[in-house]
Every structure is written in structure tokens, then in C-alpha cells.
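One structure is given here, and the rest of the page talks about it.
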Amino acid sequence: MMEWVDVVDADDQVVRVAPRSEVRRGNLLHRATYILVQRSSGRIVVQRRTLTKDFCPGMLDVCCGGVVTSGEEYDESARRELAEELGVEQASLNGFGTFHSECELYRVWGALYHCIHDGPLVLQAEEVAAVEEMTLAEIRARAGEFTPDSLIALEQLIARGAPLSFR
């Protein structure tokens, strides 16, 4: 099944719709969501991406989330991604705005979210190979193992005053 994605401009306005494969192949500017899931203990739920992912396969990811599909709103995408990837459906999501980031690997407008979730996780086999819980110090010490965009999302959340607890 073809997945359609909104291609956006520098102001995050939709300019056209394209297949996800074209967006990846052409490194087109698109929208994505980044949801940092934290335990009450302060530890961050970190994902190991599957080897079949089309972006940074096998790497660690500070956030769950992903590409916003065509016509989907950021909030809708964040809830969908959280439910799909981790099986979390009743979490209270706090939004922290959007940010623009790009490099040779990606060009994205990302929407930032944070939630506390202490319940069980149900991993989406196609997307998430495993999860572990880490402190901020552990994440920073292993930064080379993480997707670059998720590290930027983490720093954006910290800079914007997300109520992160790092015990």
C-alpha cells in the first residue's frame, strides 16, 4: 500500500503530496512527530529501530513517532504513532510546538510531545526491535548510536521547558 505524505515549504505549508518513497529518495521537506515517553522514575523509553526501517535502520531513537501522513494533523499523528509503536493509547500528551531541522539524511518540520507512561508497552514488530530505559546522561554518552533528529528533538524539548525529570 502506498503511503502519501505532505511535502511542505520552509514555513511548514503544504506545497504538494508525494509517495513516502519519493520523499525519502529526494530528501523532501515533510512533517514528522516526536514523542518522548518518560517513566515517573525519570528514565526515558528508548527504542531500537528495526533493520527494515527506511530511515536510520537499527539505530536507537529517543522518541517514538514518525512521518505525518497526508492530510493528518500533528496531534492526530502523534496519538497514532504512540499507539502503533508502543501500544500506548491513553497517555496525556503535552505539546511543545514545532521545529525545523535538516541535514544530508532528512529535512523535516517536527512536532514535539512529551508524556509520562508507567504502564506496559506493546511493541510494533515492524518498527520497534526493542526498548530500554535510559537516563539523559546515558543517552548523551551514547549519542552516536541515536538517530540525529531524535537527539535534536530531545534538546528542543529541554530548551522549551518540557517537564522532564532526570532522576
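Quick note: residue numbers are just sequence positions, from 1.
Linking Ile, Leu, Val, Met, Phe, Trp and Tyr whenever their side-chain heavy atoms come within less than 4.5 Å puts Leu112 and Val108 in one cluster. No continuous path of hydrophobic side-chain contacts links Leu82 to Val67 [ILVMFWY only; heavy atoms under 4.5 Å]. Under the 4.5 Å side-chain contact rule for hydrophobic residues, Leu105 and Met59 do not share a cluster. Using a 4.5 Å cut-off between side-chain heavy atoms of Ile, Leu, Val, Met, Phe, Trp and Tyr, with links allowed through other members, Ile139 and Ile158 fall into the same hydrophobic cluster.
Under the salt bridge (charged side-chain N to carboxylate O under 4.0 Å, His left out) criterion, Glu89 pairs with no residue, sequence neighbours left out. When the salt bridge (charged side-chain N to carboxylate O under 4.0 Å, His left out) test is applied to Glu133, the partners found at least two apart in sequence or on another chain are Arg39. Taking Glu81 as the reference, nothing meets the side-chain hydrogen bond (donor to acceptor under 3.5 Å, both in side chains) condition, with sequence neighbours excluded. Listed by chain and number, the residues in a side-chain hydrogen bond (donor to acceptor under 3.5 Å, both in side chains) with Glu73 amount to none (sequence neighbours excluded).
The existence of a salt bridge linking Glu132 and Arg142 is confirmed by a sub-4.0 Å separation between a basic side-chain nitrogen and an acidic carboxylate oxygen. Remark: Arg43 engages Glu138 in a salt bridge, criterion side-chain N to carboxylate O under 4.0 Å. Taking 4.0 Å as the cut-off between side-chain N and carboxylate O, Glu76 and Arg80 do not count as a salt-bridged pair. Between Arg48 and Asp61 there is no salt bridge, since no side-chain N of the basic residue sits under 4.0 Å from a carboxylate O of the acidic one.
For Tyr113 (side chain) and Asp75 (main-chain N/O), a donor-acceptor pair under 3.5 Å exists by modelled atom type. A donor-acceptor pair under 3.5 Å is absent between the side-chain atoms of Ser70 and the main chain of Val5, judged by distance alone. Glu72 places a side-chain N or O within donor-acceptor distance of the main-chain N or O of Thr69, the cut-off being under 3.5 Å. No donor-acceptor pair under 3.5 Å is formed between the side chain of Glu3 and the backbone N or O of Pro19. Asp6 places no side-chain N or O within donor-acceptor distance of the main-chain N or O of His30, the cut-off being under 3.5 Å.
Interatomic distance, Asp149 CG to Leu151 CG, rounded to the nearest 0.5 Å: 8.5 Å. Within the model, atoms CD1 of Ile152 and SG of Cys63 stand 11.0 Å from one another, a figure rounded to the nearest 0.5 Å. Taking OG1 of Thr147 as the start and NZ of Lys53 as the end, the distance is 10.0 Å to the nearest 0.5 Å. Taking CD from Gln47 and SG from Cys64, the interatomic distance works out to 5.5 Å, rounded to the nearest 0.5 Å. Glu84 CD to Arg79 CZ: the interatomic distance, rounded to the nearest 0.5 Å, is 14.0 Å. The distance from atom CD of Glu145 to atom SG of Cys56, rounded to the nearest 0.5 Å, is 13.0 Å.
Looking at heavy atoms from C-beta onward, Arg16 lies in side-chain contact with Leu28 at the 4.5 angstrom threshold.
Here Val17 sits in one hydrophobic cluster together with Met2, Trp4; the rule is ILVMFWY side chains under 4.5 Å apart, joined directly or through other members.
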Got a list of side-chain donor-acceptor pairs under 3.5 Å for residues 90-100, not counting sequence neighbours?
{"residue": "His100", "atom": "NE2", "partner": "Glu102", "partner atom": "OE1", "Å": "2.9"}

